[in-house]
Amino acid sequence: MQSVLSGRYSEAYATRALSFYASFARPCEHSKARPLADSAGPSLITSSETIVSLTTDDVRKVAHLARLGLDDAALEDYARELSSILDVVDHLGQADTTDVAPMSHPLDLAARLRDDVPDATIDREAFQSVAPDTANGVYRVPKVIE
Amino acid sequence: MNWETVIGLEVHIQLATASKIFSSAPTAYGAAANEQANAVDIALPGVLPVINRDVIAMATRFGLAIEADITRASVFARKHYFYPDLPKGYQISQYDLPIVAGGHLDIETAEQGARRIGITRAHLEEDAGKSLHEAFDRETGIDLNRAGTPLIECVSEPEIRTAAEAAAYAKKLHALVTYLGICDGNMAEGSFRIDANVSVRPAGSTEFGTRTETKNVNSFRFLEKAIEFEVERQIDVLEAGGSITQETRLFDPDSGETRAMRSKEEAHDYRYFPDPDLLPVVIDEAFIDTQRGHLPELPDAKAARFANEYGLNTADATALTQSRVLADFFEATVAAAGHDKAALGKPAANWINSELAGVLNRDGLSIADAPITATQLGGLIARIQDDTISGKIAKQVFDALVAGEGESADAIIADKGLKQITDTGAIESLVDDAIANNPDQVAQYLDGKTKIVGFLVGQVMKASQGKANPKDVNQRLVAKLDAMK
Amino acid sequence: MHDRSIAELIAAVRSGETTPRALTDHYLDRIERLQPSLNALITRTAEAAHAVADGLDEQSPGALAGLPILHKDIFCTKGVKTSCASRMLDNFVAPYDATVVERLAAAGTVMLGKTNMDEFAMGSSNENSFYGPVKNPWNLAHVPGGSSGGSAAAVAAGLAPAATGTDTGGSIRQPAALCGVTGIKPTYGRVSRYGMIAFASSLDQGGCFARSAADCAHVLSAMAGFDPRDSTSVERDVPDYAAALSGDVAGLRIGLPREYFADGLEADSRAVIDAAVKQYEALGAEVVDIDMPHTDLAVSTYYVIAPAEASSNLARFDGVRYGHRCDAPRDLEDLYTRSRGEGFGAEVQRRIMIGAYVLSAGYYDAYYIKAQKTRRLIAQDFQRAFEHVDLIAAPVTQAPAFKLGEKADDPVSMYLNDVYTLPASLAGVPGMSVPAGFAHGLPVGLQLLAPWFEEGRLLNAGHAYQQATDWHTARPAGFE
C-alpha cells in the first residue's frame with residue numbers, strides 16, 4: 001500500500017484544489033468570526049459552550065439545499081444543535097496543517113479500471129416493483145416545466 | 001456602436017463505448033424505457049460505481065489529438081443538485097482535476113481567416129436520464145436509459161468571434177471525434193451536443209459582457225442561426241438601454257429563435273467534492289504511449305498528405321478530410337482507378353465533390369450510405385483515363401451505376417455499347433461528313449475564325465453518339481481544314 | 001447449543017450430531033422468546049431460513065454450512081425488506097443481495113433475520129431507529145450502543161452465533177464493548193461495500209460480531225475479500241484467519257496511547273482496561289506507552305467528513321424510484337422536501353444539514369479540505385505508532401452503556417462519546433473490541449488496533465486473551 005505519509009496523489013490534488021477553490025470562495029465568515037476554543041491539551045476535547053449560532057434563516061437555507069422540509073418549530077432546535085456541532089468542528093482550526101496534503105481516502109491507491117463489457121441482464125420489473133409511481137416503464141413525478 | 005461578439009462552446013461528446021461509464025449496462029440507443037438502466041444507473045441503495053477503462057482510453061486519445069496535457073492523476077467529483085433524471089442526487093463528473101487540460105483546434109473561415117481556438121479543458125462525466133414532459137398530462141416521465149452514458153465535456157476558451165467560426169469549430173471537433181472513433185457523431189440522437197455561451201461587448205473593450213448559455217442546438221446550421229439570433233437580440237437589448245440577464249436559453253429550430261427557460265434559475269451551489277467511492281485515475285506513460293499508438297491520421301495531417309500525394313488544392317483536400325469515411329472513400333476511389341495518385345487525385349476529387357456530392361445532397365444521404373462504391377467510381381475514372389469513354393459518356397455511366405443498372409463501369413459500358421470508337425476509318429468518314437454538311441462553318445474557319453472547329457467537333461460527336469474521342473476528332477478536323485486553306 | 005463456539009457448531013453439523021434445520025429452529029425459537037424484550041431485530045426471515053436450512057446437510061460445501069446468522073439491516077437482501085431502520089426505506093424490499101450477504105450465503109450460512117440499528121447507521125446508542133431503540137441485554141434500561149446495536153445485542157443474548165455489522169466511526173466496536181461480545185472492524189477495503197447502504201463511503205467498513213475472536217475469525221474469512229463491484233475493495237488475498245490462530249502473543253509489542261487514557265476515561269472502566277493490559281504482559285507481550293498526538297482532532301475531523309459524505313450519499317432518497325414518497329405532492333419541490341422531511345429522522349437530518357453546510361461554497365476550504373488534512377495527521381499517528389509497536393490497546397468507550405434517553409437531547413455529548421473509536425476509522429486501520437470485564441455491572445470492552453490488513457494479528461491477540469480469560473463467555477441474566 002502507498003504510504004499515508006506521502007500522499008502521492010493527494011498532493012497534486014491539494015495544490016490544485018486549494019488554488020481553484022480560493023478563486024471563488026468567499027471569506028469564511030463563520031469560522032473566522034469565532035475565536036477558537038482553547039487547546040484541549042492532553043485531554044480530549046470537551047463540549048464547549050456555544051459561541052456563535054447559526055440563525056434559523058441559515059438552517060432554512062441549508063435545509064433547502066438538502067431538500068429537507070422542516071417545520072418552522074423545528075428550525076430553532078436545529079439551529080441550536082447544528083451550532084453546537086459546528087463548535088466541536090471548529091476545533092479543527094487549532095491544527096497546524098501547513099504542508100499537509102488532504103487525505104481523500106484511507107487508501108492512497110489508484111482506481112482499478114473495468115473492461116468495457118456490457119451486461120444486458122436488467123430486470124426492470126423487479127427494480128420498479130419498489131417504485132412509488134410508474135407507468136409504461138417510466139418513473140413518474142409531478143409535472144416539470146423547463 | 002460597434003459590437004464585438006464573444007463565443008465559447010461547451011460540447012458534450014458521447015463516447016462510443018459498449019457499456020456505461022460506471023456500470024455494465026449497455027449504451028445502445030433506442031431501447032424501451034428503463035430497460036438499459038441497471039441497479040447502478042437507477043442508484044439503488046448500496047450500489048457503487050466502477051470506471052470503464054475504455055472511457056479513460058478514449059479521453060486520453062482525445063487529449064492527445066488536441067495536443068492537450070493528460071492529467072496523470074485525475075479525480076472524479078460529485079456535483080450535487082436535485083432533479084428527477086439525476087438518480088443519485090449528484091452527477092459524477094470531474095472538477096478541479098479533469099483528465100484533459102489545455103489544447104486547441106485550428107479553424108478557418110472566409111471572414112476571419114485561419115485561427116487557433118484554445119480549449120480550456122475536457123472532463124469526463126456521466127449523462128443524466130431523460131425527462132419525458134409530454135408523456136402524461138400531469139406528470140413528467142423519467143427514463144434512465146441514458147443515465148450513466150459516458151460523456152466528454154469539452155470547453156473552449158471564449159475566443160470564437162463569429163457564428164461562422166463557431167460552426168467551423170464545432171465541425172472541426174465533430175470531425176476529430178469521429179476520426180478518433182470515440183463518438184458516433186450522431187447529432188440527431190444527441191451524441192454530439194453543443195451549448196453556446198454568447199455575449200457581446202463594445203468593440204475594443206477588454207471586459208466580458210453578461211453571457212447567456214443556449215442549449216439544445218443539434219446541428220451546425222442551427223448553431224449558426226442560434227448564435228446569430230442571440231447576438232442580434234443582445235445588441236438590441238443593450239442598444240435599447242437594457243441589460244442582459246445571465247440565463248440558460250433554449251433554441252427553437254422552428255422559429256429560429258432562442259427563449260429563456262421557464263424553470264426558475266437559482267444560484268447553484270453544487271457542493272463538489274472528490275467522489276469517495278472512486279480513487280484517482282492514474283495514467284502512466286505506458287498507457288499514454290499505447291493510446292498514442294491507436295491514434296489514426298487526424299484531419300489536418302490527412303489534408304496535408306492529400307495535397308502532397310494527390311496533388312489536390314487546399315479546398316479539395318479540406319473538403320475531402322471533413323470525415324474519415326469521406327477521406328477513406330476518396331482514397332479507395334483513387335486506388336481502384338489506378339496507380340498514379342498524382343494524376344488520379346484531381347479527377348477523383350472532382351467526381352466526389354461534384355457529381356457524388358450532388359446525388360447525396362439530392363437524396364439526403366451521407367457518404368457512408370453512398371449508392372455507388374469507391375471501387376465502382378474508381379473503375380469509372382480508370383475508363384476515362386484510358387480513353388475508353390469520354391467525360392460525357394462517363395456521366396451516363398455514373399448515373400447508371402447510381403441507379404444500380406450494373407455491377408461496374410466496364411459492365412455498363414459493354415452492355416450499352418458506350419465504348420469509344422477506335423476504328424479510324426469510321427471516324428474519318430464522320431469527319432468528312434461534318435465538313436461536307438457544314439459549308440458555312442468551314443468557310444468561317446478558313447476565314448480565320450478557328451474557334452468554330454468546336455462546333456464541328458460537336459457535330460462529329462453527335463453523329464458518333466458520343467463514342468468518338470473528342471480530342472482525336474479535333475485533331476483530325478484541324479488537319480483536314482488546314483489542308484483546305 | 002447456543003453456548004457452543006462456531007467451530008463446534010459447524011463440527012456438530014458435519015458429524016450429523018445436529019442438522020442445519022435443528023440449529024436454525026433452536027435460534028429462531030430463542031428469537032421468538034427473547035426478541036420482544038430486546039427489539040434487536042427489524043425483520044425475521046423464518047420461512048426463508050427454513051428453506052435454506054432444509055437445503056443443507058452434513059455434506060454441504062461451504063466453510064460455515066448450517067451456521068445461523070443475522071444481518072444488519074443496512075445490507076441489501078434480495079426479496080427481504082432492507083430498511084436501514086429508516087421510515088425512508090420502511091417499504092423497501094431490496095432487489096439484490098449485498099456482496100457480504102452473497103458470500104456468507106455461499107459459505108452456507110442461514111439468515112434468520114435483519115437486525116435493528118441507528119437510522120442509516122448514524123448514532124451510538126441505537127435510539128435513532130424508526131423501529132424503536134434496542135435494549136442492552138445486560139440491563140434493559142441501558143442502550144446497547146450503536147449503530148450496530150441490534151447485531152451486538154442479538155449475539156450477546158444468544159439469538160444467533162454471529163451477526164454482521166458496519167463500522168463508520170465505531171459502530172461495531174462500540175456496541176460490541178457495551179454488549180460484551182467480540183466485534184471486528186477490518187481494514188477499510190477488506191470487506192466489500194457493494195450492497196451495504198452507504199453512510200460515509202470513505203469510512204464505512206463491514207465486519208462482524210460473535211462471542212469470541214475465534215468465532216469472528218471464521219465469519220470474517222468467509223465475508224472478506226476482493227469484489228470487482230467495489231472500486232475501493234482491495235485486491236489482496238484473505239488468509240484463513242481461524243486456521244492461523246496460534247494463541248501466542250509472547251514478544252508482541254503492544255502500545256498504549258497516552259491520549260486514550262486521559263481525563264475522560266471513567267475510573268472503573270480504566271481499571272478493567274489496566275487489568276486486561278496486565279493479562280497481556282502475563283502472556284509475554286511487551287507493553288509500551290506511545291503518543292498519538294492528533295487524537296484530539298478525531299471528533300471534529302470525523303464530524304466534517306462523515307456528514308459531508310452522508311449528505312451526498314443520502315441525496316438519492318428522493319421519493320422517485322424507491323422509498324418513502326409523501327402523499328399527493330403538489331410539485332417536484334414538494335415531492336422532494338416532504339418525502340425527505342418525513343422519511344428521515346432528526347439525527348439523519350442534522351447530519352445531512354451539517355454535511356451540506358460544510359461542502360457549500362465558501363466553507364469548503366475551512367471545513368472539508370481542513371478536515372482532510374487533519375485526517376492525514378491522524379493517519380500518520382498510526383503509521384508512526386506502528387513503526388514501534390505491533391498492536392495498540394485502548395479503551396473502546398469512556399464508560400459502560402448509559403441509560404436509554406440519557407443523552408438523547410444532546411447530540412454533541414453523544415458525538416464526543418466516540419473519541420476512542422473514530423481515529424482508527426479515519427485512518428482505515430482494523431480494530432476489534434473484546435470483552436474485558438465489567439464496570440457497574442455492565443460490560444467493558446478492550447479495543448485492539450492493528451496496522452492496515454493485519455486482521456489476523458488482531459484476531460490472534462483477541463484469541464490469546466480469551467484463552468486466558470472467560471469474560472467473553474459470560475451471559476446476561478435472563479439470556480442464558
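Here is how names work: the chains are called A, B, and so on, in the same order as the sequence lines, proteins then strands, and each is numbered from 1.
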Any idea how C:Y357 and C:Y363 line up, ring-wise: parallel (<30°), tilted (30 to 60°), or perpendicular (>60°)? tilted

Counting only non-hydrogen atoms closer than 4.5 Å, does A:A111 touch chain C with its backbone (N, CA, C, O), its side chain (CB onward), both, or neither? neither

Show your working on side-chain contact (heavy atoms from CB on, under 4.5 Å) between A:L65 and C:S360 and close with a plain yes or no. CA-CA 9 Å; A:L65 204 54; C:S360 61; 4.2 Å; yes

Among C:L332, C:I354, C:L377, which has the most heavy-atom pairs under 4.5 Å with chain A? C:I354

Apply side-chain contact (heavy atoms from CB on, under 4.5 Å) to A:V141 and C:R325, showing your working. CA-CA 10 Å; A:V141 297; C:R325 172 183 279 207; 4.1 Å; yes

Between C:Y96, C:F344, C:F226, C:F382, which residue shows the highest count of heavy-atom pairs closer than 4.5 Å to chain A? C:F226

So does C:V191 get a backbone contact from the side chain of C:Q205, meaning a donor-acceptor N/O pair under 3.5 Å? yes

Residues 302-312 of chain C: residues contacting chain A (heavy atom under 4.5 Å, by number): C:Y303, C:V304

Between the side chains of A:T55 and A:D58, does any donor sit under 3.5 Å from an acceptor? yes

Select one option (side chain, backbone, both, neither) describing which atoms of C:D381 are under 4.5 Å from chain A's heavy atoms. neither

Chain C contact via A:D77 - side chain, backbone, both or neither, heavy atoms under 4.5 Å: neither

In terms of heavy-atom pairs under 4.5 Å with chain C, which of A:D133, A:L70, A:I85 leads? A:I85

Side-chain ion pair, C:D291 and C:R258, N-O less than 4.0 Å: yes

Is it the side chain or the backbone of C:E235 that comes within 4.5 Å of chain A heavy atoms, both, or neither? side chain

Looking at chain A, which one of C:G428, C:S202, C:G323 has the largest number of heavy-atom pairs inside 4.5 Å, strictly under? C:S202

So what's closer than 4.5 Å to chain A heavy atoms on C:L426: side chain, backbone, both or neither? backbone

So does A:D123 have more than 12 non-hydrogen atoms from other groups sitting under 6.0 Å from CG? yes

Under a 4.5 Å heavy-atom cut-off, does chain A meet the side chain of C:V234, its backbone, both or neither? side chain

Can you see whether C:D204 engages C:T168 through a side-chain donor-acceptor pair at a distance of less than 3.5 angstrom? yes

Hey, do the aromatic rings of C:F92 and C:F317 have their centres closer than 6.0 Å? no

Go through the atoms of C:L335 and report whether side chain, backbone, both or neither lie under 4.5 Å from a heavy atom of chain A. side chain

Part of C:P329 lying under 4.5 Å from any heavy atom of chain A: both

Under the criterion side-chain contact (heavy atoms from CB on, under 4.5 Å), I'd like the reasoning laid out for C:L314 against C:R351: C-alpha separation, chi angles, the key distance, then a yes or no. CA-CA 10 Å; C:L314 272 59; C:R351 298 210 196 182; over 6 Å; no

If you apply the rule salt bridge (charged side-chain N to carboxylate O under 4.0 Å, His left out), what do you find for A:K143 with C:D331, and how did you get there? CA-CA 7 Å; A:K143 194 83 162 178; C:D331 53 28; over 6 Å; no

Contacting moiety of C:A315, where chain A heavy atoms sit under 4.5 Å: neither

Once side-chain hydrogen bond (donor to acceptor under 3.5 Å, both in side chains) is applied, do any residues pair with A:D119, and if so which ones, sequence neighbours excluded? A:T121

Run the salt-bridge test on C:E347 and C:R350 with the 4.0 Å N-O cut-off and return the result as yes or no. yes

Which one, C:A371, C:G355, C:A346, leads in non-hydrogen pairs under 4.5 Å with chain A? C:A346

So, the part of C:A298 with a heavy atom under 4.5 Å from chain A: the answer is neither

Would you kindly say whether A:T97 and C:K370 are connected by a side-chain donor-acceptor distance under 3.5 Å? yes

Go through the atoms of C:T232 and report whether side chain, backbone, both or neither lie under 4.5 Å from a heavy atom of chain A. both

Given heavy-atom pairs under 4.5 angstrom as the criterion, report whether the side chain, backbone, both or neither of A:R140 touches chain C. backbone

Begin with the C-alpha distance, continue with both residues' side-chain angles, and end with the deciding distance and a verdict on salt bridge (charged side-chain N to carboxylate O under 4.0 Å, His left out) for A:D57 and A:R60. CA-CA 5 Å; A:D57 205 44; A:R60 197 177 281 117; 3.2 Å; yes

By a 4.5 Å heavy-atom criterion (distance strictly below it), what part of C:Y415 contacts chain A: side chain, backbone, both, or neither? side chain

